[in-house]
Amino acid sequence: MNNSKLDGLLAGLAERKVPDLPGSFSQDVLREIRLRDSRADELQPWLARLLQSWLQPKTFALAVTAAVIFGAAVPITLKPDSTSLAVTSLDLNVFSSSAPNAPSGLLAKWP
C-alpha cells in the first residue's frame, strides 16, 4: 500500500466520531464480573479442602517425617561404589584402551 494512501485513510478515520457505548454497558460489565466471581467461588472449595487437610498439624508432621525418612533411606540403600560413580559421571572410560569410539578401542576390537 502506498504511504500517502495510508496517511489519508488514517486521517479520515481520526476525524470520525467514536461511537457511543450502549446504555447498558456498565451493567453488562458488572454482570460479567459477578458471573466470573461466582464461577471462581465454585472452583475454590476443593482447593480449600485440600489445603485444610494437608495443613493440619498431624498430616503435616507425618508428611515431613516421611520425607525425612525417605530422603535418608534412599541414599543409604542406593550407595554405589565411588569409583564407578566417578567413571560413569565423568565418562572417564574414554581414556581406557577399550573406549568404544577412540582409535585404540577400535583397534582392540579388530580381529
List the atom pairs, donor and acceptor, that lie under 3.5 Å between side-chain atoms in residues 58-71 and the rest of the protein, sequence neighbours left out.
| unit_1 | atom_1 | unit_2 | atom_2 | d |
| --- | --- | --- | --- | --- |
| T59 | OG1 | S53 | O | 3.2 |
| T65 | OG1 | A61 | O | 2.7 |

Please list every donor-acceptor pair under 3.5 Å in which a side-chain atom of residues 21-35 meets a protein atom from a residue at least two apart or in another chain.
| unit_1 | atom_1 | unit_2 | atom_2 | d |
| --- | --- | --- | --- | --- |
| S24 | OG | D28 | OD2 | 3.3 |
| D28 | OD1 | R31 | NH2 | 2.7 |
| E32 | OE2 | R36 | NE | 3.0 |

Scan the side chains in residues 10-18 for donor-acceptor partners under 3.5 Å anywhere in the protein, sequence neighbours excluded, and list what turns up.
none

